Amino acid sequence: MRVAVGEDGRGGGALRVLTEDGVADGPVHRVPDLVAAVAERERDGAPRWVWPSTARLYPRLLRAGVRVARCHDLELVESLLLGHAGRYGEPRSVRAAWARLRGEPVPPDRPPREEAAQASLFDDDRERDAAGDDIEQVVAVHAAQRRAIAELDGFALLAAAESAGALVAAELTHDGLPWSADEHDALLTEMLGPRPSGGLRPRRLQDLADRINAAFGPRTHVNPDSPTQILKAFAAAGLPVPSTRAHVLKRLDHPAVPLLLEYKELARLHTAHGWAWLDTWVGGGRFRPEYVVGGVVSGRWATSGGGALQIPRVLRRAVVADPGWSLVVADAAQLEPRVLAALAGDRAFADAAAHGDLYAALSDAFRDSGEVSARDKAKIGLLSAMYGGGTGEAVQFLAVLKSRFPAAFEYVEAAARAGESGRLVRSRLGRTCPPPSAGWRELTSAGDDDGPAEPGRGTAAQALRSRGRFTRNFVVQATAADWALALLGSLRRRLTALDEPRLVFFQHDEVVVHTPEAQAEDVADAIRAAAEEARLLLFGDTPARFPMEIAIVDRYSDAK
DNA sequence: TGGGCCGGCGCG
DNA sequence: AAAGCGCGCCGGCCCA
């Protein structure tokens, strides 16, 4: 059973029962307390909730202690359908979708900030009504989406997985990642010195900054945070460099270099994940980042604050399970090459990807050269195939891959050719890459491959290759995201059955579950089962496997 | 002073 | 050793 939901902007709303196809199957029920109404229906029957936006509605339900099993997120599905039709970036609200159905002018989406502010800003009923949902529109847009989905292979699963992902994302924010502010503070103090007052540099950073200045001599003054000033200082010292990136500096023989490298590393920790970050993002022993489902074209999630997907490895020491609880940390080993093996139906490759270390399994195709191990050659070759590299030694490694695994090789080559000719490519479940920009079409259609390039735009040949690399990678990265989303949905369902364990972190191909110690092994089993279910849902009987590396720990940093 | 771009680097 | 893909965030810096 499905139930359509519309909010009225005052805490109430409307519900309407639908058939699976989305046909209204009863009258509209107006309810004064939407949270209570959803809670009640979820208890007796757990329908699939059809609502405009999980990100807007579900946090309120969670705060009231209400969790739901399934939903259909109209805005996320609208985005997927628009993308499939090559119409990236068009408004995706229910209002906009309704207008498209009726051939009326399509209203633009409201920026997220305005949306967040809306609840508190309205001071009269008319404005509230304008911000609320029209249940008739909800029902009609859902029915149209169901019809469109039915025409597209894999899309029903994609819509369900994306919607389940939205539930997970809201729950991750609500539950939070266990985070020890004391451990974090101790780590910062160890590495940077005591917390400074005001906007001062921590002692260790100031000390390094002073020594860097001394290393450049008495007449030079540099702010180590300024790449421009560092470039000038090295040039003045007779060492012109193209940039101040760590790998460039490493090649220089100058006393400032080791100091600068250390400064950069510590300054990064201080500015990105220092005390200010701790104050802003950690409270009550939990880190609560905001995730953006569908925020990356490939279907990966983005974050809108807190940088949850860029937590430095050294900080994982601050992620500590509650007393009597454990963290179950699981990541999909070498997910992308395995996805390619399954996608391409490359028998030899999939067999190699059936067990254990994939790169090691492929390394018999290569020879150790002393400098580079056979395993590393296999890895470089694979990454080059998936990312579009192919300079230097990678060329030979690619050639070996091509002869050993022709189907996998051809799969990504075909995706690259599609991109270069301006066509769209899709993930296994149908998530579609954005079309090339008008500027790209203009630049590449003239046929002036090596004509004079306009400043800053590059040549047509560069643009073609760049688009080819993008679509080449898209098919693999987006299908890996399909798989991860399917795993997440399956795991969420299994954890609900275990009751207490909670998903607390998700990062592309890795999950962390916070669980009572006694249930840790059950959680590990649930993760393995979810990975297997995702494999079957996406690829059926492929011989490729997606092994999960699982660790049961008290601290995130103790996993691998 | 605030917006926007860029260099650089964290994560996968 | 870096590279080839996808992101977010910071400080510096330029401009209005």
Side-chain angles (χ1 to χ4, degrees), chain A residues 199 201 205 209 222-232 241-251 260-261 263-274 276-277 280-281 289-292 294-316 331-337 339-340 371-372 376-377 379-395 397-398 412 415-416 419 425 427 431 433-434 456 465-481 483-484 505-511 556:
Chain A
R201 278 195 183 109
L205 280 180
V222 291
N223 173 0
D225 290 319
S226 167
T228 319
Q229 292 180 26
I230 296 172
L231 287 184
K232 278 192 191 135
V241 278
S243 83
T244 66
R245 291 188 184 129
H247 66 88
V248 173
L249 296 188
K250 268 179 201 150
R251 291 195 298 251
L260 268 169
L261 293 176
Y263 180 90
K264 280 162 167 286
E265 198 180 323
L266 294 179
R268 164 94 198 169
L269 179 67
H270 177 239
T271 58
H273 290 95
W277 182 93
T280 307
W281 293 102
E290 289 152 30
Y291 297 90
V292 185
V296 180
V297 290
S298 66
R300 284 179 167 191
W301 294 3
T303 49
S304 70
L309 304 182
Q310 301 129 256
I311 298 170
R313 297 184 81 92
V314 289
L315 263 190
R316 294 183 181 184
D331 80 279
Q334 304 153 345
L335 178 58
E336 292 195 353
V339 160
L340 174 57
E371 297 273 314
V372 186
D376 284 346
K377 290 179 183 175
K379 184 173 177 179
I380 293 169
L382 266 174
L383 293 181
S384 299
M386 291 188 300
Y387 291 166
T391 53
E393 288 175 283
V395 175
F397 307 154
L398 273 173
V412 285
V425 296
S427 74
R431 193 185 302 266
C433 76
R465 278 198 299 273
S466 167
R467 176 80 188 170
R469 285 195 303 272
F470 170 63
T471 52
R472 171 196 296 272
N473 183 250
F474 183 94
V475 292
V476 178
Q477 189 184 112
T479 301
W483 179 88
F505 193 53
F506 170 57
Q507 187 175 23
H508 311 313
D509 59 0
E510 180 176 12
V511 294
Y556 195 4

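Nothing here was measured: the structure is a model prediction, and the numbers come from that model. Naming convention: chains lettered A, B, ... in sequence-line order (proteins, then strands); numbering from 1 in each chain.
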Do A:Tyr556 and A:Phe505 have side-chain heavy atoms sitting under 4.5 Å apart?
yes
Within the structure shown, what part of the strands sits under 4.0 Å from A:Asp331 by heavy-atom distance: base, sugar-phosphate, or nothing?
nothing
Considering residues, nucleotides and ligands other than A:Glu290, do more than 12 of their heavy atoms fall under 6.0 Å from its CD?
yes
Both A:Val248 and A:Ala272 contact DNA chain C. Which one's nearest nucleotide lies toward the 5' end?
A:Val248
Has the side chain of A:Arg469 got a donor or acceptor that lies under 3.5 Å from a partner of the other kind on the base of C:dC5?
no
Heavy atoms under 4.0 Å, any strand shown: does A:Phe470 hit a base, just sugar-phosphate, or nothing?
sugar-phosphate
Do A:Arg300 and B:dG12 have a side chain to base donor-acceptor pair shorter than 3.5 Å?
yes
For a 4.5 angstrom cut-off between non-hydrogen side-chain atoms, does A:Arg201 reach A:Asp225?
yes
Closest heavy-atom pair and its distance - A:Gly381, A:Leu398:
O-CD2, 3.6 Å
Check every strand shown and say whether A:Ile380 touches a base, only sugar-phosphate, or nothing at a heavy-atom separation below 4.0 Å.
base
Among the nucleotides C:dC10, C:dG12, B:dG12, whichever has the atom closest to the side chain of A:Thr271 is C:dC10
Find which nucleotide of DNA chain C each of A:Thr303 and A:His247 is nearest to by heavy atoms, and output the residue with the more 5' nucleotide.
A:His247
Within the 4.0 Å heavy-atom criterion, would you say A:Gly306 contacts the bases, only the backbone, or no part of the nucleic acid?
sugar-phosphate
So A:Arg316, base contact, sugar-phosphate only, or nothing? Heavy-atom distance under 4.0 Å.
sugar-phosphate
Only counting residues at least two apart or in another chain, list the ones meeting salt bridge (charged side-chain N to carboxylate O under 4.0 Å, His left out) with A:Asp376.
none
Can you tell me which stems involve DNA chain C, if a stem is defined as three or more consecutive Watson-Crick or G-U wobble pairs, both distances under 3.5 Å?
B:1-12 with C:5-16
Once you apply a heavy-atom cut-off of 4.0 Å, does A:Arg251 come out as touching a base, just sugar-phosphate, or nothing?
nothing
May I ask you to test the A:Arg316-A:Arg313 pair for a side-chain heavy-atom distance under 4.5 Å?
yes
Assign A:Arg268 to base, sugar-phosphate, or nothing according to its heavy-atom contacts below 4.0 angstrom with the strands shown.
base
Are A:Ser384 and A:Phe397 close enough that some pair of their side-chain heavy atoms sits under 4.5 Å apart?
no
Regarding A:Ser298, tell me which of base, sugar-phosphate or nothing describes its non-hydrogen contacts under 4.0 Å with the strands shown.
nothing
Once you apply a heavy-atom cut-off of 4.0 Å, does A:Ala302 come out as touching a base, just sugar-phosphate, or nothing?
sugar-phosphate
Heavy atoms only, 4.0 Å cut-off, all strands: where does A:Gln507 land among base, sugar-phosphate and nothing?
sugar-phosphate
Could you tell me whether A:Lys264 contacts a base, only the sugar-phosphate backbone, or nothing, with contacts defined as non-hydrogen atoms closer than 4.0 Å?
sugar-phosphate
Should A:Leu335 and A:His508 count as side-chain neighbours, where that means a heavy-atom distance under 4.5 Å?
no
What does A:Ala246 touch in the nucleic acid at a heavy-atom separation under 4.0 angstrom: a base, only the sugar-phosphate, or nothing?
sugar-phosphate
Could you check whether A:Glu336 gets within reach of a base, just the sugar-phosphate, or nothing at all, counting any heavy atom under 4.0 Å?
nothing
